[in-house]
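Notes follow the structure.
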Amino acid sequence: MTRKVLRGRVLSFVEEPKTLDDTSSYRFIEDGAVEIEDGTIVRVGPFEGSHDAGAQVIDHRPHLILPGFIDPHIHYPQMQVIGSYAAALLEWLNTYTFVEEQKFGDETHAARIASRFFDELIRHGTTTAATYCSVHPQSVDAFFTEAAKRDMLMIAGKVMMDRNAPQALLDTAQSGYDETKAGIEKWHGKGRALYAITPRFAITSTPEQMEMAEALALEFPDCHIQTHVSENLAEIELARALYPTLMDYVGIYERYRLLGPKTLLGHCIHLSHREVELVSETRSVAVFCPTSNLFIGSGLFDYERLHQRGARIAVATDVGGGSSYSMLRTLDEGYKVLQLRGQRLNPLRSFYHMTLGNARALSLDDTIGLLAPGAAADIVVLNARATPQMALRMETVSTLAGELFLLQTCGDDRAVVETYVAGTALKSQLPPANI
Ligand code: GUN
Ligand code: ZN
């Protein structure tokens, strides 16, 4: 197979940036080459004198070449929920989300939305996502079938939910277990698919179902676990009322042994001191979803508090509570949330989160989130002059950090020039918008 060489301004993080001038946290090559063979990166270095004569060179100068973005919390059945008008989380779920998700019992609908979902990820430069499907196993099949067509590394699972939702959206403790186990056996490790055990949240799972989730987690320790916790005050109150003997909301997941290094806890906004300690000690991941938290009005994530306690933090879109597929838009809103808290999120740290940070949160940083030999050639190419106003502003930008900050503040899918998945350019192959 011909070697492919992407030429451009290559940027890849190696560590979490401590400060805005922490140049040891990343590798940047002004005229760089990323060499790809069979979907894998085989060399990263200066362009001059690098590749063999037969290589196909794709010149992306003056654009930036980074690892593909990673979205560690998103709901594909909520594509048609984005922008739903509600006062708060539980109303939003009951009025819109639980209505929309019922449609995913229909395989044709699930397949159509799955296809559009991957189009959107690619359009926005996202190459891996941890995704919630609906309660229906066929929604998982539609999802992974479409992911396989595009050779994308995806984590997903059917939501387990056996109470507090419309009947058509409920499984049972037993069927939730059986269907999850069947999904793991069918999909986990097949190609680039990874199955996540997905009890939706404590409110929609009975203690019996939580026991089944615990059994699955013990049986399949290799699988991720994803759920929601401590997003909204009314939600917390209800969760605690449903598990009155337990200490707190995170304590519910502790009780059923669902915390650990492969556990992704969506939101983590209103945590007690004990809960922060638990998240940190168990190496679970607190997933910050800024556009969702602002849109639904859930609260302001306390990044510094969790970070100081050593908790692992990821940043995600949470579409359709979240309002954008773009990790650039997401980190821009994340920046604003922290501004309101009197905290700082520097642009190096933001781009670390979108790439290596989120890969580490998913324990996948040996494969994705970095540009290095042996890593998957999942890559995004970014143009900081994508719009007239960005081009004008770039006239006064003189540093890499400044360019990244402009991309974050003003960028969206228009700034994504190309998205490569396993070495194949997919964004330029997308069908024209079918409106
Ligand atoms: N909590 C339980 N389910 C959901 C969901 O679909 N979205 C959000 N934002 N929070 C949840
Ligand atoms: Zn969510």
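Ligands are counted one by one from 1 in listed order, and the atoms in each one are counted from 1 as well.
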Evaluate whether atom CZ of R257 has more than 12 neighbouring non-hydrogen atoms of other residues, nucleotides or ligands under 6.0 angstrom away.
->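 Count not over threshold, so no.
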
When you look at CZ of R274, are more than 12 heavy atoms from neighbouring residues, nucleotides or ligands closer to it than 6.0 Å?
->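 Enclosed: over 12 neighbouring heavy atoms sit under 6.0 Å from CZ of R274.
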
Min side-chain heavy-atom separation [X]-[Y] under 4.5 Å:
X	Y	result
T204	L169	no
P166	Q102	yes
L11	Y26	yes

Under 4.0 Å from any heavy atom of [X], which atoms of ligand 1 are there?
X	answer
L93	3 (N), 4 (C), 5 (C), 6 (O)
L89	8 (C), 10 (N)
F201	1 (N), 2 (C)
H75	5 (C), 6 (O), 7 (N)

Among protein heavy atoms, which sits nearest to atom 6 (O) of ligand 1, and what does the distance come to when rounded to 0.1 Å?
->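 For atom 6 (O) of ligand 1, the nearest protein heavy atom comes out as R200 NH2, 2.7 Å.
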
Three-point angle H228:NE2, the Zn ion (ligand 2), D318:OD1, rounded to the nearest 10° =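 Rounding to the nearest 10 degrees gives 160°.
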
NE2 (H75) - the Zn ion (ligand 2) - NE2 (H73) angle, nearest 10° |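 Centred on the Zn ion (ligand 2), the NE2/NE2 angle is 110° (to 10°).
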
Specify the closest pair of heavy atoms between H60 and Y420, including all atoms of both residues, with the distance to one decimal.
->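 That would be NE2-OH, 2.7 Å.
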
Residue pair Q78 / D318, side-chain donor-acceptor N/O under 3.5 Å |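 No pair is found: no donor N or O on one side chain lies under 3.5 Å from an acceptor on the other.
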
Do the two ring centres, one from F201 and one from H267, sit under 6.0 Å apart?
->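 No, ring centres 6.0 Å or more apart.
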
Centroid separation H136 to H109 less than 6.0 Å =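 Ring-ring flag for H136/H109: false, centres at least 6.0 Å apart.
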
Min heavy-atom dist W92 to ligand 1 below 4.0 Å =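 Distance cut 4.0 Å: W92 passes for ligand 1.
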
Heavy atom of E235 under 4.0 Å from ligand 1?
->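 In this structure, E235 fails to qualify as a contact of ligand 1 - no heavy atom is under 4.0 Å.
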
Measure T204 to ligand 1 on non-hydrogen atoms and call it side chain, backbone, both or neither using the 4.0 Å cut-off.
->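 Near ligand 1, T204 shows nothing, with every heavy atom at 4.0 Å or more.
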
How does I203 reach ligand 1, by side chain, by backbone, by both or by neither, if only non-hydrogen atoms under 4.0 Å count?
->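 No part of I203 is near ligand 1 at this cut-off.
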
Under 3.5 Å, N or O to N or O, is E231 touching ligand 1 that way?
->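 Such a contact does occur with ligand 1.
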
Who gets closest to atom 11 (C) of ligand 1 by heavy atom: H228, Q78, H73?
->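 Minimum heavy-atom distance to atom 11 (C) of ligand 1 goes to H228.
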
